[in-house]
Every structure is written in structure tokens, then in C-alpha cells.
Amino acid sequence: MADHPVDEKLPPLKMATTGLQHVAAMYAGVVAPPLIVGAAIGLSATELTFLTGACLFTAGLATFLQTLGIWKIGARLPFVNGVTFAGVAPMTAVVASTDDKSDALPIIFGAVIVAGLLGFLAAPVFCKAIRFFPPVVTGTVITLIGISLLPVAFGWAQGPSPTADDYGSSTNLGLAGITLVIVLLLRRFTRGFVKQIAVLLGLVAGTLIAIPFGVTDFGPVADADVVGFPTPFHFGAPQFQVAAILSMIVVMVVSMTESTADMLALGEIVERPADEKTIAAGLRADTLGSALSPIFNGFMCSAFAQNIGLVAMTKIRSRFVVAVGGGFLVLMGLCPMAASLIAVVPRPVLGGAGVVLFGSVAASGIQTLVRASLDKDNNVLIVAVSLAVGIIPIAAPEFYHAFPENAKIILDSGISTGCVAAVLLNLVFNHIGGKGRDAEDVTHPMEAGEEITETSRTAVAR
């Protein structure tokens, strides 16, 4: 019996180039949090480079846990892990409230360790939520993931920083547009391997085209060291403060909610639906990776939704490809000069490719919604209201400005609020008092003929 495409091992060259493509898609998301937090602390350029390399290194280790797995840890899906952006706001709040800035990172690391360990213990309970994720819920959440990521691509397309003089300039937008067109042309007129690495080729071509415009900066390569290792507890032993721990626990809950939604989305895309066992194993990898990350000076780790779009677009579903990408991340963490090569890619070029990647995620969500019985008014209402709630942070970023900071951590994540809204509305309309409803309205999204878990059977019976 042939291996499922998720377990397929591709030829070495194909494995390496497609793995590198995953790294290129998520690199900016990994390095942004340490750059923001490090700048808030006032780290020197050398220390900031060290912190960024540490986050790349720990992202690679966390990706290994997810893709290869050990024991009951790891979803064993093509799932990329890296520093979650949800933790940026509370981490900068910790920095602001710390008198001695040299204590800020130890306090953050201590809080992440505690939150990670608690999340690891809670994973078997948290995964039970799968019974409340039928197609009407998963399709809505997957669509929200794509929609929520698109503003990131649009921001990249305008330039590296809103404060820059050329932010949103015709040059930057033109480079983004050219990169987008190159990716589309490669997808349309090429075949096989070249078609599958269209995003990577588009990034390379866009970077070369950007050189005459002075947008490509090779400074990071010239200034980077060849070899470096994230020495354990480089910034000091972890410190444990209650307020910081509570804020990071909230971030962990948000992260676990998004990871659950991402695993369900990826399971649909690779045609290996994520059941309770898979989600529990995936959450263990997320949380254990987060608990271990501070040892090597990294932050909380979570799933990277943008790479789901890459899987959807390329149709390469092998988890070993993503594991190779994790290997590149580890090497970048050990070799700052190698890490800086990816940093050479201009943000507008990343933005052009991001439109394709993130739009593919939204399209996958729409495909799932097609199977969600939208001819039923109840399901239409669930989708309509959940999408509206999830889009609030995008359409009206200051909507929750009067809420407490800890509440805003959750509310400002459209994926989390939309997911919660979809689950609750599905409970109200399709579960509570719904004994006579069609099974398709309340069951987990599995294709006819596929194995249904005992939990799913119980949910149907109810």
C-alpha cells in the first residue's frame, strides 16, 4: 500500500527547494516579534541579532516536534511552527512595566515556560473541542485565517516600515505587483517541479529586479557572523512574576485555539482530517516547543497559517518537506550569515508572494464551506455573523480600544474571536435541542467512507 502523500519522501533536491520555500514564506513572521521586543528593551545590534537567531533556532526545533514527532507529541502533518505574534503585545507590556530592562527578557522567558507547561498538561482536554468543528465552523475559520493574513501581505507590499519615506511608494507597490505576476505566470505556464516552487522562484526574481531600485539591502549579509549558537539562558535565568505568567497563559489559550483551527484546516487540505488524537499531539508539540524555547532564548511558538496556504497552492503535502524547512531554520539559528540571506528579500517582494499564499488559505476555506449545507438558513447565519465578528480587528482596528489589555489580546485576534463565535453559534443552532437535525449539520467534516472516531459517533448520537 502506497504511503499517504503526507508521509511521502521526495527526492533530495525537491525536498530542499520546497523546504526553503516554506522558510521564505514564514521568515518575516518569525523575526518580527524578536525585533519588536528587542527594540523596546533597547538591545544592541549584536544582542538583537542574537535574539533573532535564537527565535529561528527554536522555531526549527518546534517544527521538528510537529512534523516528525516523538511519542504522542507532534501532529505529524506539514505544519510549520514559529514565534507567535499574539505574544508581542503582552511582552512589550512586560518591558514597559519593568524598571530594569535587563530583567525584561528573563521575566518573559519565565512566563512562557510556565504557560507552555500548563498548556502541555491541558492539551488532552483542549482537543475535545474537535466535535464542535463541523464544515460550517472549519470553513468559516479557514476563510478567516486567510482574510486575517492578507493585511500582512498588503503591509509588506508597501515597505518595511510605515515610518519610512518610501512607504507605499509606486516603486514598492510595483515590485509587489511584479512579484505577484511572476508567481502567477509560473503557475500558469510551467509544469511539475518548477510550478511547485513558483513562490520561491518569484521571490528570487523579485529580489533581483529590486536591486536597481536600491530596495535590496545586502548589509545584513556583510555584517553577520558565520557561526553562532544560542547559548542557554544567555540573557539570564528565568524569573517568575504572576502578572506576566497570567498574561502569557491568556496568549497560550489564544495560540492553542488558533493551532486547533489551523490543524483542522491543514487536515482538510492534505486530505487527512485531524481527529482528537492528532490535535492533542499537535497541541503538545506547540506547548512543549514553547516551554523549551526560552531555554535557548526564544519566545512562545505556534502554528504558522501562511504555510498552510503554501501547501494548498503547491499541492506538496509531505511533512518531511516541512521538516527540512525546520532544518534550514536550525541552521540559520546556528549561522547568522545564512539567516541574513533570507533577510535580503525586500518586504514588497514578500508582499507580492504573500497575496497568493494567504489568498489560497481563504480559498480553501470557501471550498470547505461548499460542503457546509449553506442551503440551510441556520448555517448561513453562523457563517455571516462569525465572519463579521472575525473581521472586526481588520476593518476597525481600534474597535476594542476601551477594553482591558488582557481582553484585547483575545479580541484583537480575529481568528480566535471568529472561531469562538462560530463554535457557539453552531452549538445554539445545530446542537442544543437539535435531536432531529441532519447529521451533516453537527458532525465533524469527514468524507463519506472515511473512518469516524468514537468521539464523532458520540457527537452524532447526541
Side-chain angles (χ1 to χ4, degrees), residues 84-87 89-90 115 118-119 122-123 125-149 246-268 274 276 279-280 282-283 286-287 300 302-303 305 308 361-362 365 368-369 372 378-397 399-432 434 441-445 455 459:
T84 175
F85 209 88
L118 291 176
V125 177
F126 202 92
C127 73
K128 301 294 182 182
I130 186 176
R131 71 185 67 182
F132 304 120
F133 285 84
V136 69
V137 174
T138 55
T140 301
V141 174
I142 297 167
T143 303
L144 271 175
I145 290 172
I147 294 173
S148 297
L149 287 170
L246 290 176
S247 66
M248 294 313 295
I249 288 174
V250 172
V251 174
M252 179 58 72
V253 172
V254 172
S255 175
M256 292 173 74
T257 301
E258 292 188 353
S259 287
T260 298
D262 288 342
M263 276 184 271
L264 289 167
L266 187 58
E268 291 291 306
E276 284 188 17
I279 292 175
L283 292 177
D286 264 10
T287 52
M300 186 179 292
S302 182
I308 296 176
V361 177
T368 302
L369 285 174
N378 287 348
N379 285 349
V380 171
L381 285 174
I382 293 170
V383 175
V385 175
S386 300
L387 284 176
V389 170
I391 291 173
I392 286 174
I394 302 170
F399 191 83
Y400 300 112
H401 74 277
F403 283 73
E405 288 299 320
N406 285 342
K408 286 165 66 177
I409 294 172
I410 300 173
L411 296 173
D412 283 341
S413 170
I415 297 171
S416 296
T417 54
C419 180
V420 171
V423 170
L424 292 178
L425 289 172
N426 180 60
L427 281 173
V428 171
F429 284 107
N430 290 331
H431 283 263
I432 297 174
D441 288 342
V442 296
T443 56
H444 182 264
T455 303

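If you're wondering where the values come from, they're calculated on a predicted model, not measured in any experiment.
- Nearest heavy atoms, L425 versus S386: CD1-OG, 3.8 Å.
- Of all heavy-atom pairs spanning G119 and M252, the tightest one is CA-CG, 4.3 Å.
- Looking only at side-chain heavy atoms (C-beta outward), I308 and D262 come within less than 4.5 Å of each other.
- Side-chain contact between N430 and N379 is present, with heavy atoms from C-beta onward closer than 4.5 Å.
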Exercise for the section: Under the side-chain contact (heavy atoms from CB on, under 4.5 Å) rule, what do L424 and V428 come out as? Steps first, then yes or no, please. Expected result: CA-CA 6 Å; L424 292 178; V428 171; 5.6 Å; no
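- Residues I279 and L264 meet the side-chain proximity criterion, which asks for heavy atoms closer than 4.5 Å.
- Residues M256 and D286 fail the side-chain proximity criterion, which asks for heavy atoms closer than 4.5 Å.
- Of all the heavy atoms in L283 and A123, the pair that sits closest is CB-CB, 3.8 Å.
- Nearest heavy-atom pair across I382 and A422 is CG2-O, 4.0 Å.
- Atoms OG1 and CG, from T140 and L387 in turn, are 5.5 Å apart once rounded to the nearest 0.5 Å.
- When all heavy atoms of S259 and A303 are compared, the pair lying nearest together is OG-N, 3.7 Å.
- Residues I392 and T417 have side chains not in contact (no heavy-atom distance under 4.5 Å, counting atoms from C-beta outward).
- The shortest non-hydrogen separation linking G418 to L144 is CA-CD1, 3.6 Å.
- Separation of atoms CG (N426) and CG (L381) is listed at 12.5 Å; rounding is to 0.5 Å.
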